[in-house]
Amino acid sequence: MKLTRKYFLFWAITTLPFISFAQLPCGTEDPISSKRFSQEVLENEWKDLNSGSRQMPRIFMIAVHIIRSTTGTLGISEGDVLDAIEIMNTLYEPANIQFEICSPINYIDDNTYLETTTIEGQNLVSNYNLPNFINIYFIPKVLNPSGEALCGNASLPNNFTINRRIFVANSCAKNGSTFSHEMCHFFGLLHTHSTTGGLEYVERINCQSRGDGFCDTPADPELESNNVLNCQYIGDDYDPVGVKYMPDPSNLMSYAPKSCRTKFTPQQYSHMNLISKDDNNYFYEACDLADLSLATSMPDVINLEDFSTFTIPFIVTADNVQNRQIVNFEVSIIYSPSLDENIIINFTLYIDKGSSTFPIPIHINALNIQNFVNASKVIIKIDTKNEIQETNENNNALCFTIKHNYAKNKTSLIFPNPTKDYITFYLTNDKISQFQASIVDITGKLVMQAVIDKQDRNFIEKIDVSELKQGMYFLIVELDSKTQEVQKFVKL
Ligand SMILES: [Zn+2]
């Protein structure tokens, strides 16, 4: 009797736990439904991928977890992991996707996980998954719920991103195809023999809605060692309308022997690329390692004598930068007593690989900032959205306290003085009221008049005096016809 894998599987399930089984290719199961793109979308994506406008590869961040025994044995070597990633990166080039390890390799020395089933797998994920990484676990033995050894399995795209992971059995990690196969599941690809949506026929009539959803992968009755010889299909299976299957054992998403699986099709590549920009885009470019810091030679108290421009010199240092990247940069002021924050400067820095320093003097024009008179702090921040993976994120901000000393012991001030076009009038006292402000010339003639609505302890206003003739003037502030302040200024 010919033992097919399916028959054997049935027998193994019914007689567990006494049977141990030869390794199955993959434990990633068909979903009830899967995301599909139309043939037109897939074809256009492939054209884009191969056009001159092709962009830089999308780099995805990998976290590698290596399971070992409690005494540190039985783990896959770091070199084998790196080799597997290199092979995978070559295969993924046409999809414009690349992978990088961006955290130290995490060794989990615990006998509990040497044979990882569903339950241990869930514990691994909840204990060790790093957010925003593609978490890959290299495990001595990966078992399905029936106790059968698998080469690996992977989470398809879903909403529970923190729980997604790839399990790879050490013995299959080096075969050149399992790792890439599992990563494909992570990017939404199904097996070529998938029956999601129904059985796919050999004739290309339902290839988009049934099976793996691709019309450039032939219908596949499920390959196995018994129906593939020398990487050729030798089976004798027919689809429901009587057409003989002509599957492709070279496709990486088939169950053909690992050594036969060497390629993806254009539609498979297009699908991965589309998912990389969609469901999986939160892993994209997270692979940014750098140590950033801010430093300044300024004391942390800024004594302001007037409302003109002041400058804060400081230096951004970037060390151990793995990839050229864009870093967000922000300067904000904090108001007192409300503690409201107002971002006054916002820009991005390009930081190159390696180490670099950027001396950046920040010029702040107080007169252009609304309500600056109530500003109590200036805060300079880099990487405000925590997009960079850093060893120390506590040195990415500088804080300066602002001391407003405009009038010193006076209650009002005019500056600049002399002036050509504008004066700024500053008034500080406890009175909250409407004041009358008048500008008179040296002869006492009224030339300008306005009502000041002072709603706060501090009042500041910029006044256009460009129309006034050259000469000396007085600004007189009155409350209930009583003079409160007199300030002299010269118009040039
Ligand atoms: Zn699979």
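We count ligands from 1, going down the list as the structure has it; atoms in each ligand are counted the same way. We number each residue from 1, following the sequence as shown.
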Is the distance from the Zn ion (ligand 1) to the nearest N/O/S atom of His191 under 2.8 Å?
yes
When the aromatic ring centroids of Phe37 and His271 are compared, is their separation below 6.0 Å?
yes
Opening angle between NE2 in His181 and SG in Cys26, taken at the Zn ion (ligand 1), to 10 degrees:
120°
Of all the N, O or S atoms in His185, which has the shortest distance to the Zn ion (ligand 1)?
NE2
Sub-3.5 Å donor-acceptor pair from the side chain of Tyr245 to the main-chain atoms of Pro218, do we have one?
no
Are the ring centres of Phe187 and Phe60 closer than 6.0 Å?
yes
Is the Phe329 to Phe314 ring centre distance short of 6.0 Å?
yes
